[in-house]
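One-based numbering, in listed order, for ligands and for the atoms of each.
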Amino acid sequence: MKEEFSKILLKWFAGHHRPMPWKGVKNPYWIWLSEIILQQTRVEQGLPYYERFVKNYPKIENLANAKEDEVMKHWQGLGYYSRARNLHATAKYITNDLNGIFPKTHKEILNLKGVGPYTAAAIASFAYNLPHAVVDGNVYRVLSRIFGIKTPIDSTAGKKEFAKLADILINKKRASDYNQAIMDFGATQCTPKLPNCKTCPFQKKCVSFQNNWVGELPIKTKKIKKKERYFNYLLINSADKTLLHKRTEKDIWQNLYEFPLIETLQPFDLKEVKKQPLWKTLFPNENIYIIIKISPPAKQILTHRKIIATFIEISITQIPEKQPFLVIEKKDLKQYAFPKVITSFLADKSLYLELF
Ligand code: SF4
C-alpha cells in the first residue's frame, strides 16, 4: 500500500482540483503569505485576507515598509495576531538582511519567525518542489485512517510515527502536487465528520474503513481545557471622545487596541469592578459619571482561553487630563485594529446606545 499511496492520491488529485488564488503560484513570498494566513484558519475565511495582502503589499518590501498599525488593521478579524507581527518582522528581516531574497532551503525557511515544520514543508514544496512532506491535522486524519494507526496524534510517539510515514509516502518528484493533494483530500474527501468513503479511491485498502474504525480515528489523548478570563471594558463616553489602550503587554492580542480594561477573576459583578484600582483612578468620586448601559456577556474562544467580555458604557462630563489612555474621537474608532470580541460588539448597535 505504501508504494501505491501517492499514485492513487495523485490520480484522485487530477480529478479534484480545488482552484485557489495561491495554487500554482511559484512566488515564495505569496506562498508564505498564504500559508501564514491559513494557519489555524479555514480557507474561506483566509481567502479575502490573502487577496488584501497581495493587493496592498505585492512585494515583500511593500510589507516590510508598511506601518505596524496598518498591517494589524488589515489582519483584524483573523485572530492569532502574533502571526501578523511575525509576518511583518520577517518581511523586514528578508528585505533588510537578505536583500529581499526569500530563503531557498527548507532549513532556512524553518528558521523564519512564525514558521513551523508544517509551514516550512508547504513553502519548500510549493515554491521549490523540495521533497518535504506536510503533516497537519488533515494528514494525521488521512494517514491514521488509511493505515489504521491508533497511536495518539498528540503524543510524542505519534508525532514521530506520522512524520516518518509521511516522509516515506511523499512523491519526491512531485512534492508540490503531492502535498497539495493530501491536504485537499483531507479537506474534501476524508473529512473529520462524514468522510465520503463511498466514492473514495482508497476504500478497498483503507484499514479503518475495512474494520469499521473510521469514526474512531484519529485518536487524541488530551482535551485542552480552556481557561476562562473575564474582561470588563469601560466605554467612556464624553461628548465626542472616548478612551483606548494599546495592548503592548506579553499576552493575547498584543498590539491591538481595546477600551480601558478591568480584568476580574469572576464573572461580571459591578461591585467587584468598582473596587479595582483603575475604576478608582478614572472615577475618584461617584458624582462624575453615570453608567448608561451594561452589555450581556460576549464570548471569544481562543486556543487555550475563553474570553468573556462585558462592556460598561459610562458617561462622564469631562475626561481627566491626566490619565494613562489614548483620548480619541469616537468617529475615529474604525481606524483602530481591535480583537474580534470588540469589533463584534461595535458592529451590533443594539448592544449599546447611540451615544457611542
Ligand atoms: S475510505 Fe473513508 S476513511 Fe478511508 S480514506 Fe477513504 S474517505 Fe477516508
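W253 does not carry K340 over the face of its six-membered ring by the limits of under 6.0 Å from the centre and within 45° of the normal.
Heavy atoms of C206 found under 4.0 angstrom from ligand 1 belong exclusively to the side chain.
Classification of the F202-F185 ring pair by plane angle, with boundaries at 30° and 60°, yields perpendicular.
Near R145, the atoms of ligand 1 lying under 4.0 angstrom from a non-hydrogen atom of the residue are 3 (S). The atoms of ligand 1 that sit less than 4.0 Å from any heavy atom of V214 are 3 (S). Taking a cut-off of under 4.0 Å to the non-hydrogen atoms of I146, the atoms of ligand 1 that pass are 5 (S).
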(message) Go through it in stages, so that I can follow the logic: the residues are E258 and Y233, the test is side-chain hydrogen bond (donor to acceptor under 3.5 Å, both in side chains), and I'd like the CA-CA distance, side-chain angles, deciding distance and then a yes or no.
(response) CA-CA 8 Å; E258 64 185 358; Y233 280 122; 2.7 Å; yes
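Comparing G148, S208, C197 by heavy-atom distance to atom 2 (Fe) of ligand 1, the nearest is C197.
Of all protein heavy atoms, the one lying nearest to atom 8 (Fe) of ligand 1 is C190 SG, 2.5 Å.
Between W75 and F53, the distance separating the two ring centers is shorter than 6.0 angstrom.
Contact annotation: the side chain of Y49 never approaches that of H74 to less than 4.5 Å [non-hydrogen atoms, C-beta and beyond].
Taking backbone and side-chain atoms together, C200 has no N/O/S atom less than 2.8 Å away from atom 8 (Fe) of ligand 1.
At a threshold of 4.0 Å, the pair K275-D269 does not count as salt-bridged, since none of the basic side-chain nitrogens sits closer than that to a carboxylate oxygen.
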